[in-house]
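Reading through the structure tokens given below for one structure.
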Amino acid sequence: MTNEVTVPLLPCASIDDIEAFYGVLGFRTTYKQRKPNACVGVQREDLHLQFFEIPGFDPEQSYGSCLVITADIEGLHRAFAAGMRAAYGKVLVSGTPRMTRPRARKNADGLGGFSIIDPGGNWIRVFRDATTAPVPAATPAGRLAKALANAVVQADSRGNIGQAVRILDSALARPQADDDPVEQVEVLVYRAELAMVLHDPKTAADLLGRAQSVTLTDDESERAAAAFDNAAELATALR
């Protein structure tokens with residue numbers, strides 16, 4: 001048999017909130033009912049999701065999750081980000097719902113991925129299709145890069161923000177003369193992002209300021225461009 005389709009069924013507190021949020025991301029409603037059980041289905045191209053409502057459901061306690069495998073994580077992330085900017089004036093990086101940025105995952109053989117945490121607390125985990133992905137770059141050997149990779153696993157994959165913060169704070173507290181300044185920028189910006197997830201805008205702003213003050217050569221500035229793009233997005237979200 002071929003051409004089977006699997007559609008995840010995920011919990012939520014309100015199908016109306018789910019429908020509105022996924023509409024922002026470019027999904028259309030394919031099915032909705034109130035009785036006998038409240039549920040809604042949404043679709044964006046070949047991506048199908050369905051949700052069922054549970055009265056009194058706490059999104060913070062949700063274990064709902066699913067994988068989305070795509071050849072173009074960057075394109076999908078850009079589309080979702082554009083929808084958020086149009087609807088909310090910024091990309092949601094804290095609270096529920098929110099979205100992480102595409103990053104290489106050491107626990108996924110170095111392939112890139114990002115996550116949507118929707119109003120139901122469900123983690124929609126978007127990963128690059130390994131069959132179409134380029135060969136991942138070699139794992140960075142720098143001390144700060146290793147700390148960053150470990151923190152990404154904790155926060156972006158496991159949702160353990162506290163452990164990720166401890167990893168990064170420990171690394172930043174022990175600066176070494178041979179630290180790569182680009183890696184320093186990347187760690188500071190990611191730590192700022194985690195501060196925002198923890199609803200600590202003052203710390204986030206301080207960390208973004210520290211990232212901007214790191215002295216870089218022209219080549220290093222080019223290597224750090226993606227981190228500074230993220231920093232600009234975070235600064236917008238802080239306003």
Side-chain angles (χ1 to χ4, degrees), residues 2-103 105 108 111-133 155-157 159 193 196-197 229-230 233-234 236-237:
T2 60
N3 300 318
E4 293 90 346
V5 176
T6 299
V7 180
L9 300 173
L10 301 168
C12 66
S14 166
I15 59 172
D16 292 332
D17 290 348
I18 287 288
E19 183 180 31
F21 175 71
Y22 281 96
V24 164
L25 302 186
F27 287 74
R28 63 183 178 87
T29 301
T30 57
Y31 181 80
K32 187 176 185 180
Q33 71 173 34
R34 295 288 181 187
K35 296 180 179 180
N37 303 299
C39 59
V40 65
V42 297
Q43 177 183 354
R44 187 185 189 278
E45 298 179 341
D46 291 331
L47 178 51
H48 299 256
L49 299 169
Q50 292 193 13
F51 301 86
F52 57 95
E53 185 175 295
I54 302 176
F57 182 76
D58 181 3
E60 295 300 320
Q61 302 302 316
S62 177
Y63 286 90
S65 185
C66 74
L67 299 180
V68 175
I69 310 300
T70 176
D72 186 13
I73 59 170
E74 292 84 5
L76 195 57
H77 185 273
R78 283 194 298 270
F80 289 166
M84 287 185 176
R85 292 190 193 98
Y88 310 122
K90 61 184 179 181
V91 176
L92 303 181
V93 296
S94 64
T96 303
R98 66 182 184 274
M99 180 171 68
T100 68
R101 290 180 65 86
R103 296 185 178 91
R105 305 282 181 84
L111 296 174
F114 72 94
S115 297
I116 292 283
I117 299 87
D118 71 21
N122 303 294
W123 284 63
I124 312 302
R125 304 172 187 271
V126 182
F127 282 96
R128 193 183 306 279
D129 186 347
T131 65
T132 62
D156 285 14
S157 290
E193 182 176 324
M196 294 180 67
V197 176
D229 286 345
N230 187 18
E233 195 84 68
L234 295 175
T236 297

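A quick note: this is a predicted structure, and the numbers were derived from the prediction, not measured.
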Exam field: side chain Glu19 to backbone Gly23, donor-acceptor pair closer than 3.5 Å: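 Checked: no pair found.
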Asp58 atom CG, over 12 foreign heavy atoms within 6.0 Å: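 Yes, because the 6.0 Å sphere around CG of Asp58 holds more than 12 heavy atoms from other groups.
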Please name the pair of heavy atoms, one in [X] and one in [Y], separated by the smallest distance, quoted to 0.1 Å.
X	Y	answer
Gly26	Arg44	O-CG, 3.6 Å
Arg98	Thr96	NH1-OG1, 3.9 Å
Leu49	Cys66	CD2-SG, 3.9 Å

Mutual orientation of the aromatic rings belonging to Phe51 and Tyr22 [parallel < 30°, tilted 30-60°, perpendicular > 60°]: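 Answer is tilted, since the angle falls between 30° and 60°.
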4.5 Å side-chain heavy-atom contact, Asp156 and Arg105: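 A side-chain contact under 4.5 Å exists here.
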Validation row: Leu234, Glu193 side chains within 4.5 angstrom (heavy atoms):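 Sidechains of Glu193 and Leu234: in contact.
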Test side-chain hydrogen bond (donor to acceptor under 3.5 Å, both in side chains) applied to Glu53 and Ser14, step by step: CA-CA 6 Å; Glu53 185 175 295; Ser14 166; 4.6 Å; no
Glu74 with Arg128: basic N within carboxylate O range, under 4.0 Å: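 Here Glu74 pairs with Arg128 in a salt bridge, since their nearest N and O are under 4.0 Å apart.
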Passing candidate, side chain to side chain contact (heavy atoms under 4.5 Å, CB included) with Phe80, options Val91, Ile124, Leu25, Val24: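 Among the candidates, only Leu25 passes.
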Between Asp129 and Thr131: side-chain donor-acceptor atoms closer than 3.5 Å: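 Their side chains do contain a donor-acceptor pair, which is all the 3.5 Å distance test asks for.
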